[in-house]
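Just below is one structure, and these are the notes that go with it.
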Amino acid sequence: MNISHIEHIGIAVKDIEESIKHYEEVLGLKCYGIEEVKDQKVKTAFFKVGDTKIELLESTDPDGPIGKFLDKRGEGIHHIAFATKDLVNDLGELDNKGVQLIDKKPRKGAEGLNIAFLHPKSTGGVLTELCECKCNCKNIDS
Ligand code: ZN
């Protein structure tokens with residue numbers, strides 16, 4: 001494993017337009033991208049906060065993962081995503097350590113990044129995402 005930083009924090013919201021307003025007008029952050037990820041049945045909005053992003057997640061289908069989460073737990077933090085360099089290698093390593101993986105192989109997430117989720121049963125109740133960071137983050141090679 002070679003985690004460099006928290007890539008983003010995913011937050012489940014009911015109404016993404018309302019939430020964008022909150023982050024822009026109350027916290028003074030700027031939304032720089034809105035994207036629908038069909039695979040995950042979500043619409044996402046991104047904000048940069050230093051090296052970390054805030055990813056707002058609005059459900060596009062009540063039976064999708066965010067739809068179910070909102071139904072069960074309401075709005076709030078949904079997952080934490082760590083930036084890593086070699087996702088395939090990490091998943092092999094985690095599998096060997098007996099960590100329960102939701103994704104055994106990387107798949108495409110928002111912003112075209114390779115991502116994989118670890119099961120909250122294996123991570124102390126925190127839905128954990130690994131995100132292969134393609135940028136030249138200052139920490140990634142250190
Ligand atoms: Zn995410």
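Note: hydrogens, waters and symmetry copies are ignored here, and every other heavy atom, side chains too, is used. Counting starts at 1 for both ligands and their atoms, following the listed order.
Every residue two or more places apart in sequence or in another chain was checked for a side chain to side chain donor-acceptor pair (under 3.5 Å) with K121, and none qualifies. Every ring-ring contact (aromatic ring centres under 6.0 Å, His included) that F117 has, sequence neighbours left out, goes to H79.
Within the cation-pi definition used here (under 6.0 Å to the ring centroid, within 45° of the axis), K30 does not qualify as a partner of F47.
A salt bridge links E93 with K97: the closest approach of a Lys/Arg side-chain nitrogen to an acidic carboxylate oxygen falls below 4.0 angstrom.
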Just list the side-chain donor-acceptor pairs under 3.5 Å for residues 63-76, sequence neighbours left out, or say none.
residue, atom, partner, partner atom, Å
E75, OE2, K14, N, 2.8

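Distance check, rounded to the nearest 0.5 Å: CG of D90 to CE of M1 gives 4.0 Å.
Distances shorter than 2.8 Å separate the Zn ion (ligand 1) from the protein N/O/S atoms H8 NE2, E55 OE1, H79 NE2, E129 OE1.
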